[in-house]
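Below you'll find the structure, written out as structure tokens, and then a few comments.
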Number of protein chains: 2
Amino acid sequence: MNGVPRKSAPKQSDVARLAGVSQSAVSRVISGDVDAGRIPPETRQRVLDAVKELGYVPNAAARNLRNKRNRLLGVHTFEAVFPHARDDFYFEFLLGIEERAEEIGYDLVLFTSTGASDGRRRIYRDGTNRLNLADGSVLLGVATDREELARLWHDGYLFVHIGRREVAGAEIPCIVPDYESAAARIVESLAARGHRRLAYLREGIEQESYDDRRTGYRRAVERLGLVDRSPGFGGEPWLSEAWLDELAGGPETAVVAESIRLAEGLRAGLAARGLSIPADMSVAVLEGSGDEPGHRWDCLVIPRKEIGRIAIDALVARVENPDRPPVSELVECDLVAGETIAGPRETR
Amino acid sequence: MNGVPRKSAPKQSDVARLAGVSQSAVSRVISGDVDAGRIPPETRQRVLDAVKELGYVPNAAARNLRNKRNRLLGVHTFEAVFPHARDDFYFEFLLGIEERAEEIGYDLVLFTSTGASDGRRRIYRDGTNRLNLADGSVLLGVATDREELARLWHDGYLFVHIGRREVAGAEIPCIVPDYESAAARIVESLAARGHRRLAYLREGIEQESYDDRRTGYRRAVERLGLVDRSPGFGGEPWLSEAWLDELAGGPETAVVAESIRLAEGLRAGLAARGLSIPADMSVAVLEGSGDEPGHRWDCLVIPRKEIGRIAIDALVARVENPDRPPVSELVECDLVAGETIAGPRETR
DNA sequence: TTGAAAGCGCTACCAA
DNA sequence: TTGGTAGCGCTTTCAA
């Protein structure tokens with residue numbers, strides 16, 4: 001005696017038998033197919049009663065097999081979600097994803113089974129694409145695997161990617177923060193404050209999202225006739241001591257950094273040279289969520305939660321209408337004022 | 001031209017045709033059925049080649065329908081996960097759940113579709129139990145719905161609950177922190193330090209997990225012949241100003257609080273009376289994750305991550321062997337030393 | 001209005 | 001060693 005009622009799940013035929021109707025009648029009642037084969041209220045009620053009595057619940061797998069639909073959306077991250085969730089990278093995205101999925105009545109599958117031993121996750125393993133289980137998937141991750149992305153696309157699998165990813169020969173539908181415009185607006189705000197000579201602090205990462213920042217920055221600088229002679233602007237990543245010396249003595253009055261990490265490094269380097277932010281140097285950062293602990297940088301805000309929501313909407317739009325062409329969407333980033341921008345100091 | 005290759009997924013029969021074998025041969029090769037119907041390497045290879053050429057991937061729904069298994073574990077929370085995930089309540093549980101699921105090759109379904117408009121989530125809605133989609137589910141949440149739990153159990157659905165929940169007429173399999181033992185050990189450590197007169201600070205929550213703490217505390221106090229004349233020990237929740245006065249002037253040298261919240265309240269109340277922790281009063285807390293910000297309380301540590309892992313193991317054990325009776329598991333809590341316990345002050 | 005029956009893609013059994 | 005075949009539970013014609 002283990003106390004567990006181990007009845008096997010009732011099926012439509014059981015319901016049909018109990019209700020004294022045919023299985024197809026049950027199906028019609030269950031799937032609420034209003035137009036097709038109108039069921040008289042009285043029959044309908046008999047079926048419903050039988051459903052209740054038996055505790056019948058439709059079998060998702062069978063439905064799926066027939067309908068090719070699940071109301072199941074996949075979420076594939078190329079790294080484990082939760083360990084990173086805390087540091088806000090995945091977190092806000094997931095918040096939006098969950099929120100929107102709940103609103104529109106979809107469930108979410110977290111594809112965890114695909115974990116390889118190295119901590120990376122692969123979509124295709126021993127030839128099986130688990131993602132097929134869902135009606136479509138949202139992919140995200142820093143270490144996106146391009147090959148898998150390409151294959152997925154070529155297989156005609158329905159997905160959207162959070163963050164821009166370019167793959168030759170495929171048009172990956174992406175939901176992307178509009179870094180280009182945000183970077184440009186940051187440059188504009190600096191110019192409006194009177195800054196003419198800027199420096200750019202570049203990460204050592206080659207990725208689309210950084211390309212976008214760089215493009216936006218470069219174009220704005222050129223368009224506004226500003227000057228940037230920094231190595232970062234030329235393509236050199238990170239900050240060297242030599243360059244910090246040069247910066248400290250040079251005519252630049254503002255720096256735009258690609259990341260908070262770089263900005264922090266800059267702050268330390270300047271401090272070591274007796275300079276402070278923003279009195280001696282204004283600094284803006286092309287990254288942020290608007291609520292970082294520590295210094296309040298002037299920065300852009302990646303609307304992560306909204307991106308998550310939009311990703312779900314974009315995905316579902318295609319799930320529910322597969323003829324719809326896949327499109328990428330650019331999501332505007334807000335700019336938040338911090339305490340690291342001031343007017344240009346007087347020339348030394 | 002939308003650039004999307006919309007080929008419908010190839011199936012086994014396509015592979016079979018291309019390889020010039022029967023569909024069942026393909027099935028045997030694919031599902032790697034080693035023992036049954038040994039396939040000669042050469043046939044096998046032909047199939048594999050065809051699979052590769054077509055980019056064949058097994059259809060999960062169909063497999064499911066056949067096998068009655070998904071390698072899909074449900075996670076049902078009675079509230080939205082991510083908004084709360086941060087404050088560590090769900091978070092660490094999910095960490096363990098994800099980690100373990102990944103290790104053993106299961107995917108996770110987050111049941112979000114069940115969200116009602118009031119923010120609560122219901123398992124049964126319009127007679128459909130979405131959980132059926134998964135092979136079994138882990139349930140968790142502060143606001144567990146007892147009725148749904150009971151119904152789920154009566155329907156013979158496979159699940160485990162994180163945290164103890166008692167429901168009349170059902171034996172809910174739970175993975176539970178061993179609060180009773182931890183509370184007892186905390187009392188013991190206080191007694192070992194020389195404390196004879198204790199006070200108990202009680203939350204206004206009636207829930208199994210608090211019952212366990214109370215039981216453990218009470219039994220230890222009685223067993224060790226200690227004295228507790230506090231209202232909390234008697235069943236009165238929270239701390240009144242009157243009692244704080246009494247405590248400040250009374251013979252008690254140590255307080256055991258059910259939550260950090262209460263302990264913080266106590267600290268403030270004592271401070272207002274010129275008393276400090278632990279110099280004038282030792283305090284231990286029956287809650288914690290070992291890394292709270294702020295004061296370092298002497299407390300127990302709920303091994304949330306481990307509980308998540310154990311929940312998955314317990315669930316999968318039953319998924320893979322449904323005859324196995326459902327069992328609850330008690331998980332030991334560590335005690336962590338903080339800065340809030342000292343020896344008893346000399347009597348005033 | 002109802003029911004019979006044909007599959008969805010797969011696995012597993014049975015015969016050859 | 002192979003292939004034919006019977007379903008898994010469901011939806012959806014098509015006939016009655």
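Note that these values count all heavy atoms, side chains included, but never hydrogens, waters or copies made by symmetry. The chains referred to below are lettered A, B, ... by the order of the sequence lines, with proteins before strands, and numbering in each begins at 1.
Side chain of A/D135 to backbone of A/L73: no donor-acceptor contact under 3.5 angstrom is found. With B/E208 contributing its side chain and B/E166 its backbone, the two residues share a donor-acceptor pair below 3.5 Å. In this structure a side-chain-to-backbone donor-acceptor pair under 3.5 Å is present from B/R46 to B/A19. Proximity of a side-chain donor or acceptor of A/Y157 to a complementary backbone N or O of A/L131 within less than 3.5 Å is detected.
With B/H76 as reference, B/I123 is the one residue of B/I123, B/V138, B/L140, B/L152 to meet the side-chain contact (heavy atoms from CB on, under 4.5 Å) rule.
With rounding to whole Å, A/L133 atom CG is found 14 Å from C/dC10 atom C1'.
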Atom pairs, protein N/O to nucleotides 7-11 of chain D N/O, distance under 3.5 Å:
residue : atom : partner : partner atom : Å
D/dG7   : N2   : B/R66   : NE           : 3.4
D/dG7   : N2   : B/R66   : NH1          : 2.4
D/dG7   : N3   : B/R66   : NH1          : 3.4
D/dC8   : O3'  : B/K68   : NZ           : 3.4
D/dG9   : OP1  : B/K68   : NZ           : 3.1
D/dG9   : OP2  : A/K11   : NZ           : 2.5
D/dC10  : OP1  : A/Y56   : OH           : 2.5
D/dC10  : OP1  : A/N59   : N            : 3.0
D/dC10  : OP2  : A/Q12   : N            : 2.8
D/dT11  : OP1  : A/R63   : NE           : 2.8
D/dT11  : OP1  : A/R63   : NH2          : 3.3
D/dT11  : OP2  : A/Q12   : NE2          : 2.8
D/dT11  : OP2  : A/S27   : OG           : 2.9
D/dT11  : O2   : A/R66   : NH1          : 2.5
D/dT11  : O2   : A/R66   : NH2          : 3.4
D/dT11  : O4   : A/Q23   : OE1          : 3.4

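Between B/E147 and B/R151 no salt bridge is recorded (no basic side-chain N to carboxylate O distance below 4.0 Å). Note on A/D49 versus A/K52: no salt bridge recorded, every NZ/NE/NH1/NH2 to OD/OE distance being 4.0 Å or above.
Across the helix from C/dT1-D/dA16 to C/dA16-D/dT1, the helix axis at one end is tilted relative to the axis at the other end by 50° (nearest 10 degrees, each axis from five pairs).
Taking B/R100 as the reference, B/E103, B/D313 meet the side-chain hydrogen bond (donor to acceptor under 3.5 Å, both in side chains) condition, with sequence neighbours excluded.
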